2 protein chains.
Amino acid sequence: MTPNGTSMEISQTVEDYLKAIFEESNPPTLASTTAIAERMGVTLASVTSMLKKLAAKTPALVDYRKHHGAKLTPEGTLLALKIIRRHRLLELFLHDVLAFEWDEVHEEADRLEHVISDAFVQRIAIALDDPDWDPHGHPIPSVDLEMPQENTIQLYDLKSGENGVVRWVSDRDPSLLRHLTELGIALGTRLEVRSFSSLDENHTVRLLETGEEVVLGAGITRQIGIQKLD
Amino acid sequence: MTPNGTSMEISQTVEDYLKAIFEESNPPTLASTTAIAERMGVTLASVTSMLKKLAAKTPALVDYRKHHGAKLTPEGTLLALKIIRRHRLLELFLHDVLAFEWDEVHEEADRLEHVISDAFVQRIAIALDDPDWDPHGHPIPSVDLEMPQENTIQLYDLKSGENGVVRWVSDRDPSLLRHLTELGIALGTRLEVRSFSSLDENHTVRLLETGEEVVLGAGITRQIGIQKLD
DNA sequence: TATATAATTTAGAAGGAACTAAATTATATA
DNA sequence: TATATAATTTAGTTCCTTCTAAATTATATA
Ligand SMILES: [Mn+2]
Ligand SMILES: [Mn+2]
Ligand SMILES: [Mn+2]
Ligand SMILES: [Mn+2]
């Protein structure tokens, strides 16, 4: 009997697949084989064979539609949330307690998340006072795996003249995070969109704290989450 | 180019073998296949094939003598020390920072030691102020992999009438550690051997702090390291 | 030295997770 | 609807690590 209440062993690899499928399946859609393969850095063939394995387990961890993709079953979702909780708690712990920069924590957490015990998770959760958000502003599932809700849009979708606060930033690319730090953009930064050019998809944005203006391409504005103001 | 200056990947499994060989080879002796197999909880056949692999690498990590056992080469020794440093720093970190009990840390560290980055090691070393001893009194190799020296004997070898201080305790068996805690034996505890019975190998020991007398079998006295007093 | 016992090695197989190359199915476009 | 292209699956291997069972070598004892 494993900690998740089912009786099966979950390998590190399976944990990573579940997380990838969770992150690729925006509720209505199925996660495509290609998207999973890209995210995991493995071959399409590897993904196919893993999806078949995950679907064949009892209970099934994914619902797999041949040639169309897969989505998590309720059991798979719980396991994914459990790993995401570990990942995000670890990130915050590394950041707040061990003084890692926000561009360093993701990679480290990606390895640690598979080996820490439940006791370890519990202890860092206590040390951090049961937090809701990780260093990139992503919600941390609670002990009973409920996700804190937030209401955000991509900076990309903020219209000219609108104001907002930075609520989350993608953590997949450390160099993006370092770049934002240099620009003076962090969680909580307030800003106003001055203009958008549909030609090159550049936003010109004014940072309200400093008054500075910066020009940001879609490669950046799609990686930033905004809560609208006003 | 890996951090150890050689160009090869070391799997978690190999790391565990190196550690086991290190711990089983008291300098003059070779580590026997049997001892390694027992320590690792694998089959003799598995050990043999791994020893052959480790000896075949360039540079060789072990010096393997068919039918007699193996010992680490200088390269293997450095790798082993590096892992042992991680292990012991982790144990101390778990104990001092995350409030793990001394009987809980070994198992957790045994998993974490293989996945933390050099940056993580460095940061916990700083947080702990570059410590010399782990929670069980074992020496922590320094950054340049030098072992702090200590001069201890097994409590088993302390003679009737002699005094000593507890300097280390084996951490392999959590129940032993909990038992010692209950008896009031910890690192730093001073004691005097009152008597030894060669019939059952029991020591009768007086704890100097409390004056209490306890009877300890060889299964315990061999797992405790003593620095002689006087 | 012969023999029994213990320790070790070899041979063959298996499971998990990945890969490449070939085959198939779906989708987009003419 | 036919065809081209993209996405996915299948088949067959490989690598790593472990295992069991059989064979071999070392050591202890008579
Ligand atoms: Mn992350
Ligand atoms: Mn991961
Ligand atoms: Mn230990
Ligand atoms: Mn280990």
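Quick caveat, the model's predicted, so the values are computed rather than measured. So that the names make sense, note that chain A is the first sequence line, chain B the second, and so on, each numbered from 1. Values below: every heavy atom of this structure, side chains too, minus hydrogens, waters and symmetry copies.
The NE2-C1' distance, from B:His68 to D:dA26, rounds to 7 Å in whole Å. The distance from atom OH of A:Tyr64 to atom C1' of D:dA7 is 11 Å, rounded to the nearest whole Å. For the pair B:Leu30 CG and D:dT27 P, the computed distance is 12 Å after rounding to whole Å. Between the P atom of D:dT9 and the CG atom of A:Leu44 lies a distance of 8 Å, rounded to the nearest Å. Taking atom CZ of residue B:Arg65 and atom P of nucleotide D:dT25, one finds them 19 Å apart after rounding to whole Å. In this structure, B:Lys57 places its NZ atom 8 Å from P of D:dT17, rounding to the nearest Å. Atom-to-atom, CG of A:Leu51 to C1' of D:dA7 comes out at 13 Å; the value is rounded to the nearest Å. Separating the NE2 atom of B:His67 from the C1' atom of C:dA7 is a distance of 9 Å, rounded to the nearest angstrom.
Nearest nucleotide to the B:Ala45 side chain, out of D:dA21, D:dT10, D:dT18: D:dA21. Here D:dT20 is the nucleotide among C:dA26, D:dT17, D:dT20 with the atom lying nearest to any side-chain atom of B:Thr43. Nearest nucleotide to the A:Thr33 side chain, out of D:dT9, D:dT17, D:dT25: D:dT9.
In terms of phosphate contacts, A:Ser46 brings no side-chain nitrogen or oxygen within less than 4.0 Å of OP1 or OP2 of C:dA17. At least one side-chain nitrogen or oxygen of B:Thr48 sits closer than 4.0 Å to the OP1 or OP2 atom of C:dT9. A sub-4.0 Å separation between OP1 or OP2 of C:dA17 and a side-chain N or O of A:Ser11 is present. Checking the phosphate oxygens (OP1, OP2) of C:dT10, no side-chain nitrogen or oxygen of B:Ser49 falls inside 4.0 Å. Contact check, B:Tyr17 against D:dC16: no side-chain N or O comes under 4.0 Å of OP1 or OP2.
Atoms OH and CD1, on B:Tyr156 and B:Ile220 in that order, are 14.0 Å from each other to the nearest 0.5 Å.
For A:Glu108 and B:Arg123, the salt-bridge test fails: no basic side-chain N is under 4.0 Å from an acidic carboxylate O.
Using Watson-Crick or G-U wobble geometry with both donor-acceptor distances under 3.5 Å, C:dT25 finds its partner in D:dA6. The partner of C:dT1 is D:dA30, by the rule that a Watson-Crick or G-U pair needs both atom distances under 3.5 Å. Nucleotide C:dA14 forms a pair with D:dT17, judged by Watson-Crick or G-U wobble geometry with both contacts under 3.5 Å.
Without hydrogens or angle criteria, A:Ser142 side chain to A:Glu146 main chain gives a donor-acceptor distance under 3.5 Å.
Taking the centre of each ring, B:His203 and B:Phe196 come in below the 6.0 Å mark.
Of the residues listed (A:Arg88, A:Gln223, A:His106), the one engaging A:Asp171 in a side-chain hydrogen bond (donor to acceptor under 3.5 Å, both in side chains) is A:His106, and it is the only one.
Between A:Thr13 and A:Lys66, the one whose closest nucleotide on DNA chain C sits nearer the 5' end is A:Thr13.
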